[in-house]
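Heads up: the structure comes next, in structure tokens.
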Amino acid sequence: MEVEFGSAPVAEDLIKECLQRSEGYDLEGFLLGQGAIPAKIMLVGEAPGATEIVEGRPFTGQAGKVLEEYLNKLGLTRRDIYITSAVRSRPFKDKVVAGTAAGTVPRLSRSNRTPTKNEVLAHAAILDAEIEYVQPRVIVPMGNIGLHRLIGSHETISSLHGKVIEGPILRLEDPNDPRSGYVFGERSYSIFPLYHPAAVIYNRSLEQVIDRDLTALKDFLAVKNNF
């Protein structure tokens, strides 16, 4: 089967509906996933940040550099996998910059933040469509947001990282109505949770843990999927 590189062709109407559901939330920009189509492996992160929105490519900031290290250890490149996230717009928060003079227009500093459950739900149909089109055999949620989107919030990355979970994943029961909630689909996947690449930036003590997890993932891919 011929493999292409790019973004899964999500329907314009579906994107429009998701953006409409996102109105009123502190979100900006829009970015689809990118990678091999079809892909045996799909990586699912949280949401794009400022750098990703500007450059139009997932994982291009500081976390992107760590992700490249992940891929190097796995013996893979971006052309071998598909990278996406639970939310397709950048969640942000603004705060007034200290030192703003009284009586003047306050200067604001904008930073990334963790997406909310409602924001994940607003974009859920897009991730469902990407998974359906890319047809991965192995899905790697990176961080709690991606993990909870796929299997529910009853577990955490700290308890499941580096372990293989075989089973179905959550999808919207009705792609046209996110209020319908999530249900488990019929198809089974191999799910291998990892710490989000940004985690090691703030906690260097995770380096050895992540390295062991990547070794385990590489071994798993070699045995189960002949990568």
Q | Sequence neighbours excluded, every pair satisfying side-chain hydrogen bond (donor to acceptor under 3.5 Å, both in side chains) that has a member inside residues 28-38 | A | Glu28-Arg90, Glu28-Arg110
Q) Which one of Lys40, Glu166, Arg137 satisfies the side chain to side chain donor-acceptor pair (under 3.5 Å) criterion with Ser190? A) Glu166
Q. Between NZ of Lys95 and CZ of Arg107, what distance do you get to the nearest 0.5 Å?
A. 12.5 Å
**Q.** Ion pair check, Asp26 and Lys93, cut-off under 4.0 Å
**A.** no
**Q.** Heavy-atom donor-acceptor pair, Ser89 side chain to Gly29 backbone, under 3.5 Å
**A.** yes
Q) Run the side-chain contact (heavy atoms from CB on, under 4.5 Å) check on Val140 and Val44 step by step: do they pass? A) CA-CA 6 Å; Val140 180; Val44 180; over 6 Å; no
Q. Are the side chain of Tyr82 and the backbone N or O of Ala8 linked by a donor-acceptor pair below 3.5 Å?
A. yes
Q) When you measure from the side chain of Asn203 to the backbone N and O of Ala199, does any donor-acceptor pair fall under 3.5 Å? A) no
(Q) Taking Tyr182 as the starting point, is it possible to reach Ile169 by hopping between hydrophobic residues whose side chains are less than 4.5 Å apart? (A) no
Q: Quick one: closest heavy-atom pair of Ile191 and Gly167, and the distance?
A: CD1-O, 4.2 Å
Q) What distance separates Leu150 CG from Arg171 CZ, expressed to the nearest 0.5 Å? A) 13.5 Å
**Q.** Under 3.5 Å donor-acceptor, Tyr133 side chain and Val10 backbone
**A.** no
(Q) Quick check: closest heavy atoms across Gly33 and Ser7, and the distance to 0.1 Å? (A) O-OG, 2.7 Å
Q) Between Glu17 (side chain) and Asn176 (backbone), is there a donor-acceptor pair under 3.5 Å? A) no
Q) How far does CG of Leu194 sit from CD1 of Ile157, to the nearest 0.5 angstrom? A) 7.0 Å
**Q.** Smallest separation among heavy atoms of Pro141 and Phe192, with atom names
**A.** CD-O, 3.7 Å
Q: Would you indicate whether the side-chain heavy atoms of Leu74 and Leu217 approach each other to under 4.5 Å?
A: yes
(Q) Looking at Asp128 and Pro175, would you say the former's side chain and the latter's main chain have a donor-acceptor pair under 3.5 Å? (A) no
Q: Decide yes or no on side-chain contact (heavy atoms from CB on, under 4.5 Å) for Phe30 and Ile53, but give the supporting numbers first.
A: CA-CA 7 Å; Phe30 182 83; Ile53 291 298; 5.8 Å; no
Q) Rounded to the nearest 0.5 Å, what separation is found between the CG atom of Leu76 and the CD1 atom of Ile41? A) 5.0 Å
Q. Do Leu32 and Glu130 come within less than 4.5 Å of each other through their side chains, counting heavy atoms only?
A. yes
Q.
Evaluate Tyr25 against His123 for ring-ring contact (aromatic ring centres under 6.0 Å, His included), listing each step before the verdict.
A. CA-CA 12 Å; Tyr25 300 131; His123 291 84; 8.6 Å; no
Q) Is the backbone of Glu155 close enough, under 3.5 Å, to the side chain of His148 for a donor and an acceptor to pair up by distance? A) yes
Q. Do Ile201 and Val66 have side-chain heavy atoms sitting under 4.5 Å apart?
A. yes
Q: Could you pull out the closest heavy-atom pair between Pro193 and Ile165, with the gap in Å?
A: CG-CD1, 4.0 Å
Q) Does the side chain of Val200 reach to within under 4.5 Å of the side chain of Arg204, using non-hydrogen atoms? A) yes
Q) About how many Å separate NE2 of His161 and CG of Leu147, when rounded to the nearest 0.5 Å? A) 11.5 Å
Q: Verify side-chain contact (heavy atoms from CB on, under 4.5 Å) between Thr116 and Leu121, making sure each step is shown before the conclusion.
A: CA-CA 9 Å; Thr116 66; Leu121 184 62; over 6 Å; no
Q | Minimum heavy-atom distance between Pro48 and Leu31, given as atom pair plus value | A | CB-CD2, 4.0 Å
Q: Might you confirm whether atom CZ of Arg179 has over 12 heavy atoms from other residues, nucleotides or ligands at distances under 6.0 Å?
A: no
Q: Please confirm whether the backbone N or O of Asp174 pairs with a side-chain atom of Ser180, one donor and one acceptor, at under 3.5 Å?
A: yes
Q: Could you walk me through whether Leu221 and Val138 pass side-chain contact (heavy atoms from CB on, under 4.5 Å), step by step?
A: CA-CA 9 Å; Leu221 296 176; Val138 179; 4.0 Å; yes
Q.
Less than 4.0 angstrom from a charged side-chain N to a carboxylate O is my criterion; do Glu68 and Lys65 meet it?
A. no
(Q) Strictly distance-based, threshold 3.5 Å: is any side-chain N or O of Glu52 a donor or acceptor partner for the main-chain N or O of Gly49? (A) yes
**Q.** Pairwise side-chain contact, Asn72 with Tyr70, heavy-atom cut-off 4.5 Å (strictly under)
**A.** no
Q. Do Met142 and Phe59 touch side chain to side chain, with heavy atoms closer than 4.5 Å?
A. yes
(Q) With a 6.0 Å cut-off (strictly less than), is the heavy-atom count around CD of Gln20, excluding the residue itself, greater than 12? (A) yes
**Q.** Shared hydrophobic cluster for Leu19 and Phe92 (ILVMFWY, side-chain gaps under 4.5 Å)
**A.** no
Q) Going from CD1 on Ile151 to CD1 on Ile139, what distance comes out if it is rounded to the nearest 0.5 angstrom? A) 11.5 Å
Q) Hey, are Glu119 and Arg113 close enough for a salt bridge, meaning a charged N less than 4.0 Å from a carboxylate O? A) yes
Q: Provide the closest heavy-atom pair for Val3 versus Pro38 in the form atom of the first, atom of the second, distance.
A: CG1-O, 3.7 Å
(Q) For a 4.5 angstrom cut-off between non-hydrogen side-chain atoms, does Pro91 reach Thr114? (A) no
Q) So, Thr51 versus Glu55: side-chain donor-acceptor pair below 3.5 Å or not? A) no
Q. Is there a donor-acceptor pair under 3.5 Å between the side chain of Arg149 and the backbone N or O of Val120?
A. no
